[in-house]
Amino acid sequence: MKKIALTGIKPTGTLHIGNYVGAIKPALELSKDYDARYFIADYHALNTVRDPRELAANIRHVAAGWLAAGLDPERVIFYRQSAVPETFELSTMLMAFTAKGLMNRAHAYKAAAQENRNRGNDPDAGINMGLFTYPVLMAADILLFDSDVVPVGSDQAQHIEMAQDIARSVNFTYTAKTLKVPNALVRSEAAVVPGLDGRKMSKSYGNTIPLFAPEKELRALVMRIVTNSQPVSEPKEPETSQIYQLYRLFAAPEERDDLARRYLAGGMGWGDAKEELFHVMRRELSPLRERFEAVISDPNHVDDLLARGAAKARVIAKETLRRLRHAVGITAGGGGT
Ligand code: ADP
Ligand code: TRP
């Protein structure tokens with residue numbers, strides 16, 4: 001039997017090339033060898049996105065993005081978190097096994113509380129229970145499907161450790177096999193995509209290249225990538241150049257080596273390097289954008305695919321919950337199952 005891989009993306013905005021290269025592409029690669037369950041973590045997004053139209057549009061955008069990138073809904077169970085209500089029952093159950101102290105130690109919560117202190121505010125200002133209990137909902141997403149591996153960026157590694165802790169606490173109370181203890185599959189830091197300003201590409205830094213930017217915009221953004229003032233004639237170090245870091249992600253191995261050689265030889269200006277980067281990005285992203293536009297133009301089809309995925313997911317989820325309810329003694333009519 002194949003092992004199970006599961007991951008989710010929060011629909012908190014539109015996709016950028018960091019999301020594509022860092023999360024979507026490797027997850028799709030993994031789906032060749034695993035039974036994959038990939039989902040849109042819409043209830044996680046509700047902690048921060050409060051405009052209903054924006055949230056609804058983001059959900060469809062992220063779903064269409066996965067499909068355009070090549071997710072095959074016949075092979076991957078693809079769904080919205082909100083369409084699998086068993087997630088929320090499991091989340092409630094897991095609350096009883098989650099130490100409050102564990103949540104106090106979560107990086108995202110600690111950072112928000114620290115930020116408040118730095119500003120002289122009450123440490124809990126603006127922090128909702130959705131943020132505080134975020135790792136429990138995430139543990140429910142994972143444990144509901146007996147996941148073996150959870151592909152994530154390194155920022156999420158702590159959340160997977162918490163899911164392990166929670167699963168172990170349940171297993172310690174009942175039997176060792178009540179819940180499968182998952183493992184993180186943390187992507188290498190080499191896959192961190194730099195943004196226009198050289199920091200990690202992220203919505204929160206406003207330094208992104210949107211994944212589905214029209215060609216004109218893509219070119220204009222590539223031209224805006226920050227460079228230093230080295231003259232054309234000077235040899236340049238590929239490893240410290242954002243342009244090269246991005247180029248690597250889209251170029252064939254021979255192209256990569258060739259550009260590195262020309263950097264080191266000198267005589268290559270940043271403007272030329274940017275043109276070459278635009279060329280390889282356009283080559284990969286144009287067909288992707290065309291597929292995205294075709295998919296998003298038929299939102300009913302996207303909704304239908306997600307609904308069919310949710311139906312498949314619920315068959316598995318109901319079985320896990322039946323097992324757990326039985327294990328803890330919450331059974332229909334108070335008697336046996
Ligand atoms: P953002 O930082 O723009 O808010 P998210 O936190 O929504 O992005 O990220 C969604 C997924 O994309 C996560 O799995 C994350 O690890 C990945 N990701 C985001 N930005 C990058 C990046 N610059 N390089 C590699 N992966 C990234
Ligand atoms: N917290 C993840 C992120 O911000 C998204 C997510 C929600 C997730 N539930 C998950 C990832 C379950 C993996 C497994 O990127």
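Throughout, numbering of the chain's residues begins at 1 and tracks the sequence. As the structure lists them, so they are numbered: ligands from 1, and atoms in each ligand from 1.
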Practice task
Before accepting this row, confirm whether a basic side-chain N of the pair Arg261/Asp257 lies closer than 4.0 Å to the acidic partner's carboxylate O.
Solution key: no

Completion exercise
Sequence neighbours excluded, the answer for side chain to side chain donor-acceptor pair (under 3.5 Å) partners of Arg119 is Glu115

Atom pairs, nitrogen or oxygen, ligand 2 to protein, under 3.5 angstrom:
from, atom 1, to, atom 2, distance (Å)
ligand 2, 1 (N), Tyr134, OH, 2.5
ligand 2, 1 (N), Gln156, OE1, 2.9
ligand 2, 4 (O), Tyr134, OH, 3.2
ligand 2, 4 (O), Gln156, NE2, 3.3
ligand 2, 9 (N), Asp141, OD2, 2.7

Handout entry: Partners passing side-chain contact (heavy atoms from CB on, under 4.5 Å) against Ala64 (at least two apart in sequence or in another chain)
Key = Phe292, Val295, Ile296

Handout entry: Verdict with supporting geometry, Asp35 and Arg75, salt bridge (Lys or Arg N to Asp or Glu O under 4.0 Å)
Key = CA-CA 8 Å; Asp35 272 337; Arg75 292 189 45 219; over 6 Å; no

Practice task
Collect the protein residues that have a non-hydrogen atom under 4.0 Å from ligand 1 and hand them over in chain and number order.
Solution key: His16, Gly18, Asn19, Gly22, Ala23, Gly153, Asp155, Arg187, Ala191, Val192, Val193, Lys200, Met201, Ser202, Lys203

Handout entry: same_hphob_cluster(Met162, Leu6) at 4.5 Å side-chain heavy-atom cutoff
Key = yes

Exercise for the section: Identify which one of Tyr38, Phe39, Trp66 satisfies the side-chain contact (heavy atoms from CB on, under 4.5 Å) criterion when paired with Val76. Expected result: Tyr38

Exercise for the section: May I ask you to decide whether Glu255 forms a salt bridge with Arg283, counting only side-chain N to carboxylate O separations under 4.0 Å? Expected result: yes

Practice task
Using only heavy-atom distances, determine whether the side chains of Lys203 and Thr12 contain a donor-acceptor pair under 3.5 Å.
Solution key: yes

Practice task
May I ask you to check whether Phe145 and Tyr79 place their ring centres under 6.0 Å from each other?
Solution key: yes

